[in-house]
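Before any comments, here is the structure.
A, B, ... follow the sequence lines: proteins, then strands. Residue 1 opens every chain.
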Amino acid sequence: MDPQSGDSGIGSPDPQGVPKPSEGKSKKTVENHLNGTPNHVSHKHSSSSSHKHHHKSSSGDKHKDPNRHKHGSSGEKSKDPNRHKHKEHSSSKPKDPNKPSSGSSKDHSSKPKDGHHSSEKHKHSSEGAEKHKHSSDGTEKHKHSSEGKGKSSSGDKHKERHKDGSSKHSSDKHRSDKVKKEGSSSSSKPKSSGDVKVKTEPGLSEKGASPTKLVIKKEKEASQPVVNWEPQDSDDDVPLAVRAQGEKRAHESDSDDEPLAARAEKKKIKKEKPAEAVARKRKAESDDDDDKPIAKPKPKKKKGKEEKATPEKGKKKAKKEEPEVWKWWEEGPREEGVKWKFLEHKGPVFAPLYEPLPDDVQFLYDGKVMKLSEETEEVAGFFGRMLDHDYTTKDVFRKNFFHDWRKVMTPEERKVITNLDKCDFRQMDVYYKQKSEERKQMSKEEKQEIKKKNEATVEEYGFCNIDGHKQRIGNFKIEPPGLFRGRGDHPKMGMLKKRVRPEDVIINCSKDSEYPEAPAGHKWKEVRHDNSVTWLASWSENIQGSIKYVMLNATSRLKGEKDWMKYETARKLHKCVDRIRAQYREEWKSKEMRIRQRAVALYFIDKLALRAGNEKDSDEAADTVGCCSLRVEHINLHREHEGKEFVVEFDFLGKDSIRYHNFVAVEKKVFKNLQLFKENKSDGDDLFDRLNTTILNKHLQDMMEGLTAKVFRTYNASNTLQQQLKLLTNSEDSVAAKILSYNRANRAVAILCNHQRSVPKTFEKSMSNLQAKIDKKKEDIKKSRKEYKGLKADYKHKRDAKTAGMLERKKKQMERLEEQLMKLEVQATDKEENKEIALGTSKLNYLDPRISVAWCKKWEVPVEKIYNKTQREKFAWAIDMADETFEF
DNA sequence: AACGAGACTTAGTAAACACTAG
DNA sequence: CTAGTGTTTACTAAGTCTCGTT
């Protein structure tokens with residue numbers, strides 16, 4: 001049946017072990033989601049850990065390796081024969097479609113198979129032929145190989161990709177895995193392989209892991225020092241700083257003239273999108289009339305009034321934030337394409353200006369003190385403050401940084417400073433560390449004061465008035481300057497992220513609102529009134545040239561409504577997924593290569609919850625892929641693996657350079673198709689050369705309105721949660737045990753979606769603390785039990801009321817202790833299972849909150865146990881509308 | 001079709017904060 | 001109250017997908 005066999009699959013995981021992939025056994029095959037999932041985990045994690053180790057070891061623990069995922073790539077980069085095929089490779093291995101990776105062969109145990117493939121291919125002569133033909137014509141895509149030198153063609157593309165030639169991982173990574181596997185196989189992640197987490201392995205897994213994690217580290221720090229809008233500047237410094245908020249009205253400013261209407265006009269043309277349709281379906285009854293009114297509140301209004309939207313809640317007012325509770329979900333649909341009718345805000349808050357270093361903090365060049373100009377010093381400080389980060393030792397990072405740093409130097413400085421190796425930033429590093437230490441040591445009062453100031457800033461800039469309601473803005477602070485640190489092996493790491501000025505910022509608000517005022521002495525780049533978009537301000541960033549936006553917070557109606565629609569679309573898919581699955585299975589047999597590729601890719605997206613995989617430019621970002629952009633080197637075919645037939649091994653870096661490594665048993669037709677897709681191609685060539693996300697999404701759109709590749713992730717994630725909850729929840733369990741079940745269901749989803757996290761730095765420690773607590777509790781119980789026995793014996797003799805009372809009390813105590821013990825144990829299990837899996841992402845972005853709310857209501861688990869305050873705010877709509885009968 | 005800009009969602013980590021045990 | 005921990009929030013990079021152009 002269905003590939004997914006999800007159902008069955010689902011069931012399979014045993015309640016407890018569910019998450020645990022440990023049992024990868026049979027299920028894996030089937031399942032997909034569930035079982036399959038687990039697999040990933042194991043692999044992935046393990047792998048990851050291994051990688052990590054790498055780093056760590058190599059790089060030195062402390063710093064985290066910026067590239068965590070990169071695997072050993074960092075320095076060595078060994079060239080992975082395979083990967084780069086572009087260039088040299090091409091020549092080298094031109095043809096061997098099958099085993100392109102000669103070198104790697106060892107890694108790919110599958111080699112033999114390849115041979116098969118070829119033969120097979122012949123078999124499917126028809127197909128083969130077709131393919132060839134395509135290839136020939138398919139020039140567009142670099143088709144490769146077809147002819148001998150195909151390589152070259154392919155080469156080009158790839159070339160560009162990894163320009164540096166360093167290939168990343170592939171081989172390395174494999175290697176590492178292997179190692180790990182062999183070595184401590186178990187240790188890594190247990191999962192699928194059946195072993196259960198062997199945590200024990202101190203060597204690799206644990207230790208390694210944690211450090212590894214660290215490795216990750218990010219670029220963030222760069223900006224850090226920045227600080228917040230703290231006290232100091234408050235008023236003066238600030239030209240940029242917004243605080244000036246004066247009183248005057250800038251509005252008249254410029255462009256505004258364009259009639260709002262006009263703008264709206266142009267945009268609105270679009271047709272309604274699915275989501276919208278859904279939307280409307282929801283509450284047909286309510287009409288928009290009411291919103292209308294709100295819409296054009298008078299310009300001035302300000303906060304006070306907003307509450308009114310929902311009369312009822314107005315009450316608490318004074319107290320905390322707004323009375324909130326504006327039940328926007330009970331209102332009728334908005335006019336489509338129009339995101340707001342009225343929008344007023346105070347504009348973004350800029351990063352504080354640079355504060356020059358005190359004179360005693362010096363920069364040395366070639367051992368000699370050198371006074372830098374302000375800007376040069378500022379940029380030097382960005383580098384200096386991250387000195388203990390591993391990436392300041394990376395060539396790419398250093399090179400990019402130095403290049404950009406020189407650009408801000410004065411001619412004289414540029415003349416002198418020609419070698420980064422001769423720069424000594426250590427005093428800056430020390431200085432900034434000291435400053436942050438001081439901040440930590442501040443007295444309570446001082447901290448209090450800062451906090452107050454921050455709150456005032458939030459109160460002033462953190463909210464906007466949209467259609468008469470006061471709503472929180474998500475990111476009203478503009479990103480401070482610093483050194484860019486992309487994730488993974490990013491070609492631009494170390495580049496200078498420039499300071500954003502008001503002149504770079506476009507403000508979006510109602511024409512009839514009070515316009516935000518640019519900081520004193522500055523002007524906005526533009527003030528526009530586009531109500532077809534949701535952003536309040538935007539600017540373009542200098543590293544990738546992309547646009548950054550100031551948008552509303554997740555609790556806002558704009559975001560909430562969209563989120564709700566997202567789940568409605570997924571539920572819609574639920575209704576026709578069988579049909580879609582049947583179709584793509586049928587298409588595996590299609591005569592047309594492009595149809596088969598599309599069908600196989602869709603199968604992966606559905607079964608494994610892979611991301612769509614848009615194409616990306618390798619000069620601009622790390623080399624990562626998704627389903628449609630998988631390359632030949634990312635999958636290995638194993639006719640047989642660990643007792644299963646037709647196993648596809650995935651090993652690639654996905655979003656954020658997180659590794660995805662999984663062994664998946666697939667159906668024979670899929671396997672055969674993959675062999676064909678790989679034929680005559682070498683590493684670096686696209687696996688699905690006749691497919692891209694546009695084609696795929698277009699096809700999906702035809703099958704269901706509003707359907708795109710990512711809907712499958714949402715659907716499978718939510719569906720898995722619902723099924724797992726059904727499976728794992730025991731009515732007799734205590735609330736704590738039920739929560740564990742919930743977390744396990746959540747975990748199954750996180751594994752499916754490959755949501756990883758680094759092992760918390762303090763994991764080992766906190767785990768052993770927990771264990772100690774458990775041991776102690778056990779001791780207590782033993783003691784208590786003994787005492788109880790003693791009392792009992794006593795009572796036998798005395799039979800007096802007093803002893804009876806004591807006996808009773810003792811008994812109660814024992815029970816209490818046992819319960820506490822159980823709770824601790826549950827906690828320990830949960831923690832261990834969650835070591836390197838991040839539940840947050842799926843909870844926040846993939847799981848229909850109504851499923852969780854319904855579950856809570858059904859089992860009488862307080863929602864607070866599942867969602868914290870922020871989450872409850874974000875999912876207020878679901879909490880309010882779902883009852884225990886909700887079905888996804 | 002291929003591109004590129006634009007808009008918005010999804011993602012993991014570090015900083016900030018809250019909480020607890022000592 | 002302090003230090004150590006666990007949790008939440010801030011931050012911003014990295015995806016997806018749409019749309020208008022060429």
query: Quantified as the angle between the terminal helix axes (five pairs each), what is the overall bend of the helix from dA1(B)-dT22(C) to dG22(B)-dC1(C) to 10 degrees?
result: 10°

field: Candidate pair Thr708(A) and Asn697(A), rule side-chain hydrogen bond (donor to acceptor under 3.5 Å, both in side chains), full reasoning
entry: CA-CA 5 Å; Thr708(A) 61; Asn697(A) 281 333; 4.8 Å; no

query: Are Lys831(A) and Ser766(A) linked by a side-chain donor-acceptor pair shorter than 3.5 Å?
result: yes

task: Mark yes or no: Arg872(A) above the aromatic ring of Tyr867(A), with NZ or CZ under 6.0 Å from the six-membered ring centre and no more than 45 degrees from the axis.
output: no

task: Classify the nucleic acid contact of Gly840(A) as base, sugar-phosphate or nothing, counting any heavy atom under 4.0 Å across all strands shown.
output: nothing

- prompt: What is the distance from CD of Gln441(A) to P of dT2(C), rounded to the nearest Å?
  reply: 10 Å

message: Test of understanding: with side-chain contact (heavy atoms from CB on, under 4.5 Å), list the residues that count as partners of Lys655(A), not counting sequence neighbours.
response: Arg611(A)

field: Salt-bridge criterion met for Asp656(A) and Arg487(A) (N-O under 4.0 Å)
entry: yes

- prompt: Given dT16(C), dA7(B), dT5(C), which nucleotide is nearest the side-chain atoms of Asn614(A)?
  reply: dT16(C)

query: How many Å lie between CG on Asn697(A) and P on dT16(C), as a whole number?
result: 10 Å

- prompt: Is any side-chain N of the basic residue among Glu836(A) and Arg757(A) closer than 4.0 Å to the acidic one's carboxylate O?
  reply: no

- request: Check the distance between dG6(C)'s P and Glu832(A)'s CD and give it to me in whole angstrom.
  value: 14 Å

message: Please confirm whether the ring centroid of Tyr846(A) lies under 6.0 Å from the ring centroid of His755(A).
response: yes

query: OP1, OP2 of dT16(C) versus side-chain N and O of Thr693(A): anything below 4.0 Å?
result: no

message: So, OP1 or OP2 of dA14(C): does either fall under 4.0 Å of a side-chain N or O from Ser657(A)?
response: no

message: Rounded to whole Å, how long is the line connecting atom NZ of Lys616(A) with atom C1' of dA13(C)?
response: 10 Å

query: Roughly, in whole Å, what's the span from CD1 in Ile547(A) to P in dA13(C)?
result: 15 Å

- prompt: Are Glu561(A) and Arg334(A) ion-paired here, with the side-chain N under 4.0 Å from a carboxylate O?
  reply: yes

message: Keeping Gln701(A) on the side-chain end and Gly706(A) on the backbone end, is there a donor-acceptor pair under 3.5 Å?
response: yes

field: Side-chain N or O of Thr708(A) closer than 4.0 Å to phosphate OP1/OP2 of dC17(C)
entry: yes

Scan nucleotides 19-22 of chain B against the protein and return all N/O pairs shorter than 3.5 Å with their distances rounded to 0.1 Å.
none

task: Using a strict 4.0 Å threshold on nitrogen-to-oxygen distance, state whether Lys452(A) and Glu455(A) make a salt bridge.
output: no

message: Under 4.0 Å between a side-chain nitrogen and a carboxylate oxygen: does that hold for Lys433(A) and Asp388(A)?
response: yes

- prompt: Looking only at atom types and distance, does a side-chain atom of His634(A) sit under 3.5 Å from a main-chain N or O of Asp686(A), one as donor and one as acceptor?
  reply: no

Expected rows: protein N/O vs nucleotides 7-9 of chain C N/O, under 3.5 Å:
residue: dT9(C); atom: OP1; partner: Thr870(A); partner atom: OG1; Å: 2.7
residue: dT9(C); atom: OP2; partner: Thr870(A); partner atom: OG1; Å: 2.0

message: Rounding to an integer number of Å, can you tell me how far Leu653(A) CG sits from dG12(B) P?
response: 13 Å

- line: Comparing Val711(A) with Lys548(A), nearest DNA chain C nucleotide closer to 5' gives the residue Lys548(A)

Please tabulate, one pair per line, each protein N/O and nucleotide N/O from nucleotides 9-11 of chain B that are separated by under 3.5 Å, including the distance.
residue: dT9(B); atom: OP2; partner: Lys559(A); partner atom: NZ; Å: 2.4
residue: dT9(B); atom: O3'; partner: Lys710(A); partner atom: NZ; Å: 3.0
residue: dT10(B); atom: OP1; partner: Lys710(A); partner atom: NZ; Å: 3.0
residue: dT10(B); atom: OP2; partner: Lys566(A); partner atom: NZ; Å: 2.7
residue: dT10(B); atom: O3'; partner: Tyr846(A); partner atom: OH; Å: 3.1
residue: dT10(B); atom: O2; partner: Lys655(A); partner atom: NZ; Å: 2.6
residue: dA11(B); atom: OP1; partner: Arg611(A); partner atom: NE; Å: 3.4
residue: dA11(B); atom: OP1; partner: Arg611(A); partner atom: NH2; Å: 2.7
residue: dA11(B); atom: OP1; partner: Arg713(A); partner atom: NH1; Å: 2.6
residue: dA11(B); atom: OP1; partner: Tyr846(A); partner atom: OH; Å: 2.9
residue: dA11(B); atom: OP2; partner: His755(A); partner atom: NE2; Å: 3.1
residue: dA11(B); atom: OP2; partner: Tyr846(A); partner atom: OH; Å: 3.0
residue: dA11(B); atom: O4'; partner: Lys655(A); partner atom: NZ; Å: 3.4

query: Rounded to whole angstroms, how far apart are CG on Asn508(A) and C1' on dC8(B)?
result: 14 Å

message: Between Lys698(A) and Ala838(A), which residue's closest nucleotide on DNA chain B lies nearer the 5′ terminus?
response: Lys698(A)

- line: Closest to the side chain of Ala612(A), out of dA13(C), dT16(C), dG6(B), is dT16(C)

message: By the 4.0 Å heavy-atom rule, please label Gly654(A) as base, sugar-phosphate, or nothing.
response: sugar-phosphate

query: For Cys509(A), which of Val527(A), Asp530(A), Asn531(A) qualifies under side-chain contact (heavy atoms from CB on, under 4.5 Å)?
result: Val527(A)

- prompt: Taking only N and O in the side chain of Gln544(A), is any of them less than 4.0 Å away from OP1 or OP2 of dA13(C)?
  reply: no

field: Lys/Arg N to Asp/Glu carboxylate O, Lys869(A) vs Glu873(A), below 4.0 Å
entry: yes

task: Between Thr694(A) and Lys497(A), just flag the one whose closest nucleotide in DNA chain C comes earlier from the 5' side.
output: Lys497(A)

task: Could you check how far CD of Glu864(A) sits from P of dA18(B), rounded to whole Å?
output: 19 Å

statement: Taking dA13(C), dC8(B), dC17(C) as options, the one with an atom nearest any side-chain atom of Phe484(A) is dA13(C)

message: Please classify the nucleic acid contact of Thr534(A) as base, sugar-phosphate, or nothing, using heavy-atom distances under 4.0 Å.
response: sugar-phosphate

message: Classify Ala621(A) by what it touches in the nucleic acid, base, sugar-phosphate, or nothing, heavy-atom distance under 4.0 Å.
response: nothing

query: Who pairs with Ala456(A) by side-chain contact (heavy atoms from CB on, under 4.5 Å), at least two apart in sequence or on another chain?
result: none

- prompt: Can you list the steps and then say if Phe397(A) with Tyr391(A) is a ring-ring contact (aromatic ring centres under 6.0 Å, His included)?
  reply: CA-CA 7 Å; Phe397(A) 189 91; Tyr391(A) 51 83; 4.7 Å; yes

